Amino acid sequence: MKKKALDWGNLSFSYIETDYRFSAIWEDGEWSEGELITSSEMSVHEGSPVLHYAQTCFEGLKAQTAPNGDILLFRPDLNCERMASTTARLMMPGVPDALFMRGVEEAVRANASWVPPHGSGASLYIRPFLVGVGENLGLRPAPRYEFRVFVSPVGPYYKGGGLSLIDLAVIDLDRAAPKGTGAYKAGANYAGGLMATQMAKDLGASEALYLDPAEHRYLEEAGSANIVVLLKDGTLVTPKSPSILPSVTRRSVMTLAADALGHKTEERAIDFLAEVDQIDEFAACGTAAVISPVGKIRMNDKWYTFFGGGEAIGPVTQALYDRLTAIQKGETDDPYGWTRVVAL
Ligand code: PLP
Ligand code: COI
């Protein structure tokens, strides 16, 4: 497969237009078969619910090239499942599993020359999304929907690249409400988070860190990633909350920590200020973020530091990153059957 001439090692996490995207339309209770198209533009009616009432949701996953040239997807079944839970919450028609998987695979296959080569440090980000379109004014679900999947080669999400330390800041804004849409990948959650991200950046951090919206005590997640913390007793803990996104990466990391590294793992509420002294390593994890070690967290005008005074990457974070990325890139056995080869 002849690859595009990109500077793979220096990509950032930004949109690069590839040749094809997949599109399917829902109307009158039926899905079209779906097809590959070439235009990156979408033309929608000005009354579309996506434009006014944010009836839109998305997913994010990556494809990587294995040493043998295979193109691997990482746990796409979980993205498909999560999109189904989101569409139900937003009163959108479900994208049938087979349509979701075909959309993802066709978009990757048609753009195979854009999938970064093995060892380049880059990957192909896949963005399936569903928008409510068509003439509308009142607050009601859209009459028509478009499911699209586009792909873009990407580099690291956070500045610094690869496995580099990031800092987070707790901002006095909530991402989600207790019974709101925090656990779903609704576009509106992200518009609501833009200001917190900017405020975090203004404080010198990479991203906002949210506390629970009811009591503002318990760790929730970062703006674009879940959280895992390693306690000084060796337990790896991740927040349990009904208002955070159920991250595919976090679920995988917790499995690897227990099975491959032998850590005790817990999913429970983490009272940040009460427990901060017990935290040795702190990391953010997600498809875009992969596993990003967190050096420092700012809260109430004070910086809290973790492993190595916030200046070094902890060994457990490093080991989890190595294990996870080796599976994702097909460099090691895949004992859980997490990767799926895209037939070319
Ligand atoms: N939390 C939020 C708010 C996210 O946007 C993401 C990214 O998808 C994650 C967590 C991580 O989820 P995943 O590991 O499934 O990509
Ligand atoms: C992802 O990690 O896939 C996300 O959706 C995060 C996004 C804000 C880039």
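Start at 1 and go down the list; that is how both ligands and their atoms are numbered. Nothing here was measured: the structure is a model prediction, and the numbers come from that model. Residue numbers run from 1 in the order of the sequence given.
Contact of the Met199 side chain with the Leu203 side chain is not registered, since no non-hydrogen atoms from C-beta on lie closer than 4.5 Å.
When Leu320, Thr235, Val316 are each tested for a side-chain contact (heavy atoms from CB on, under 4.5 Å) with His263, only one passes: Val316. Under the side-chain contact (heavy atoms from CB on, under 4.5 Å) test applied with Leu256, the options Asp322, Thr265, Ile327 reduce to a single match, Ile327. Each of Lys185, Arg75, Arg82 was compared with Glu59 under the salt bridge (Lys or Arg N to Asp or Glu O under 4.0 Å) criterion, and only Arg82 meets it.
In this structure, Arg251 has no heavy atom closer than 4.0 Å to ligand 1. Heavy atoms of Gly193 come nearer than 4.0 angstrom to ligand 1 in no pair at all.
Residue, atom and distance of the protein heavy atom nearest to atom 8 (O) of ligand 1 are Lys185 NZ, 2.8 Å. Protein heavy atom nearest atom 5 (O) of ligand 1, with residue, atom name and distance: Tyr190 OH, 2.5 Å. Nearest non-hydrogen protein atom to atom 2 (C) of ligand 1 is Glu221 OE1, 3.4 Å. Taking atom 6 (C) of ligand 1 as the reference point, the nearest protein heavy-atom neighbour is Ser224 O, 3.4 Å.
The distance criterion of under 3.5 Å between nitrogen or oxygen atoms is not met by Gly60 with respect to ligand 1.
Across all non-hydrogen atoms, the minimal contact from Phe306 to Val294 is CD1-O, 3.7 Å. Considering every non-hydrogen atom in both Glu146 and Ser23, the closest pair reads OE2-OG, 2.8 Å.
The aromatic ring centroids of Phe147 and Trp26 lie 6.0 Å or more from each other.
Atoms of ligand 1 found under 4.0 Å from any heavy atom of Arg82, numbered from 1 in the order shown, are 12 (O), 13 (P), 15 (O). The atoms of ligand 1 that sit less than 4.0 Å from any heavy atom of Thr287 are 13 (P), 14 (O), 16 (O). Taking a cut-off of under 4.0 Å to the non-hydrogen atoms of Asn226, the atoms of ligand 1 that pass are 1 (N), 10 (C).
Contact annotation: for Ser247 versus ligand 1, heavy atoms closer than 4.0 Å belong to both the backbone and the side chain.
Put simply, the side chain of Arg217 never gets that close to the backbone of Leu211: no donor and acceptor are under 3.5 Å apart. Between the Tyr304 side chain and the Phe272 main chain, no donor and acceptor come within less than 3.5 Å of each other.
Asp167 and Ser206 are not linked by any side-chain donor-acceptor pair at a separation below 3.5 angstrom, with hydrogens and angles left out of the test. One side chain, Glu281 or Thr317, offers a donor N or O that lies under 3.5 Å from an acceptor on the other.
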Any protein N/O atoms within less than 3.5 Å of an N/O atom in ligand 2? List the atom names and distances, or say none.
residue	atom	partner	partner atom	Å
ligand 2	2 (O)	Ala288	N	2.8
ligand 2	3 (O)	Tyr125	OH	2.6
ligand 2	5 (O)	Tyr125	OH	3.2
ligand 2	5 (O)	Lys185	NZ	2.8

